[in-house]
Amino acid sequence: MTQPLRVRIAPSPTGSIHLGLARTALFNWAQARGRGGTFVLRIEDTDRSRSTAESETAILEGLRWLGIDWDEGPDVGGPYAPYRQSERIERHLEVARQLVERGDAYRCFCDADRLRELRAAQEARKETPRYDGHCRTLDPAEAARRAQAGEPHTLRFRVPAGETTFDDLVRGKVTFANAEVDDWVMLRQDGSPTYNFVVVCDDAQMRISHVLRGEEHLVNTPKQLLLYQALELPSPRFAHLPLLLGPNRKKLSKRDGSVSLEDYRAQGYPRDAVVNFLCLQGWALDGETEIFSREEFTRAFDVRDVSKGGSVFDFDKLAWLAGEYLRAESDAELAEHCVPFVVAAGLADEEELARRREWFERVVAQERERIRLYSELPARIAFYFAPDDSVVYDPKAEKGARKREGAVQTLEAYREWLAGQDLTEPEALGERTRAWLAERGLKLPALFQPLRCALTGLPGGPDLFQVMALLGPEAVDARLAAGIERLGE
RNA sequence: GGCCCCCUCGUCUAGUCAGGCCUAGGACACCAGGUUUUCAUCCUGGCGACAGGGGUUCAAAUCCCCUGGGGGUCACCA
């Protein structure tokens, strides 16, 4: 009970990081960081056919991106190394041997065909499919002889009678009748261990004190608890986290859109927004504060405060948070984060952006109120990089410009007047322009709408005097000339 | 279907463990105004929930029971 706090995340390297895994990792990490515990990363690669080294790398990278660090893991080692399950197989087999000796596990010679038929028959009778205990009562010595002779077999756990109860940290008391628990397979026919078996071996050997995992594992808990008992090992406390749900209220899956962390990174979500959002799924700081730092999170987090019900993933709220975080960045940071997206969009290469860094930062600063994701910037600033005579006119912008009476004449006159003006002081230019408009008895939109169209081609956007300052006199003049021609047609 | 879990605004949640402070708070979304050269940001306001029914109690979103609904899981996957 007073054992040191040790938590872990044990992903299987069979793909990218699912958002659910990301949240589970965050909660485990916070539980450890908030109270001086140890956070362990263990790679669950027992399914050798599906596990890949690339996936393992991607997972570590993804976790790092989230800002999660681990005290022990495959890359940093630790006192309970190795941290890759495939490398712990001797330990697993040793435990299996012990269990056979004690009679808590038995060899099962039923082949796949028999089990398939058994299941089919049970389903036909509308019974719950489960192992019928065919090999449960085999004489151990006889079974050992058959195994020795090379007869293929699996190793099953002998589930005792009774019931299994545990106190889940988020759900409270949960009870299962042991009769509902199958005599599950611990070692496959090829001798490889299964998940429920290794997870207990490893958690026990690594002294894991608390297991925080998704609710889909709730039904595995009695199997694992029974194994701890058979091994006479203290069991960890369990906490089953509510599931992340799609709009259909089922477990969030690929069909619901982007479910892997990499997608969000690639789509230009600020990472702290993703973290903050994930924290909000099943947990709240105080019920009022929506935006908080990693530090505030780890300080306040307690798995016992996690809610029980699953949460429907709200993409709108994530987008809102993304905007909030994006706007909290300095111009320099924001520009830095946007560079890859601007380059990917083909607007400019890195060298050019580096060369015009000050200019680029001003461009970014201008647009920060209008984007929520880094990836949204390129479309907004593309006009800066367009040839002056063929800026793309958005239909809405063009329509708005054309409907102004005398738009072309106003533009012509303004162009002429502008030729002698200093564009580098937007404020001053704005004032002089207003005076110019007043002199001619023109309303502001009469000039601004055609002007915006000619300069940017967009229906909305930043202050036009600032745009002109960034565009420079030549581009402004050329765009006005082109606009006068194009809007006059 | 069996077993297990869950159920507060459309969504994320506070409040539930220690019943009264809750005529149920916040946020996203939505709607309406305001600010603005436009778009956006921002500001103000509005809409909107204790799944239903029984109990217990002076008092229930909070405790108990039933019903309903949703989900998870039933592999030699993890």
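Predicted model only: the values in this text are computed from it and were never measured. Computed over heavy atoms, backbone and side chain alike; hydrogens, waters and symmetry mates excluded.
- Using a 4.0 Å heavy-atom distance criterion, A/Cys279 is classed as making no nucleic acid contact.
- Stacking between A/His217 and the base of B/rA78 is present: ring centres sit under 5.5 Å apart and the planes differ by under 30 degrees.
- As judged by a 4.0 angstrom heavy-atom cut-off over every strand, A/Lys251 is placed among residues touching the sugar-phosphate backbone only.
- Using a 4.0 Å heavy-atom criterion, one finds that A/Ser192 contacts no nucleic acid atom at all.
- The nearest whole Å value for the distance from the CZ atom in A/Arg213 to the P atom in B/rU73 is 13 Å.
- Outside the 6.0 Å centre-distance limit, the rings of A/Tyr264 and A/Phe277 are not counted as a close aromatic pair.
- Using a 4.0 Å heavy-atom cutoff across all strands shown, A/Glu290 reaches at least one base atom of the nucleic acid.
- A straight line from CG of A/Asp190 to C1' of B/rC76 spans 8 Å, rounded to a whole angstrom.
- Among the protein residues, A/Thr14 comes within range of no part of the nucleic acid, since none of its heavy atoms lies under 4.0 Å from any strand.
- Ring centers of A/Trp283 and A/Phe27: at least 6.0 Å apart, outside the cut-off.
- Within the nucleic acid shown, A/Arg452 comes within 4.0 Å of at least one base atom, counting heavy atoms only.
- Atom pair A/Asn248:CG and B/rU11:C1' shows a separation of 14 Å (rounding to whole Å applied).
- Defined by atom type and a distance below 3.5 Å, a donor-acceptor pair is missing between the side-chain atoms of A/His153 and A/Tyr106.
- Heavy atoms of A/Gly309 sit under 4.0 angstrom from primed sugar atoms or phosphate atoms, though from no base atom.
- The environment of A/Glu431 atom CD is sparse: at most 12 non-hydrogen atoms of other residues, nucleotides or ligands sit within 6.0 angstrom.
- A close approach under 4.0 Å does not occur between any side-chain nitrogen or oxygen of A/Arg372 and OP1 or OP2 of B/rC28.
- Across all strands shown, A/Val174 has heavy atoms under 4.0 Å from sugar-phosphate atoms exclusively, and none from any base.
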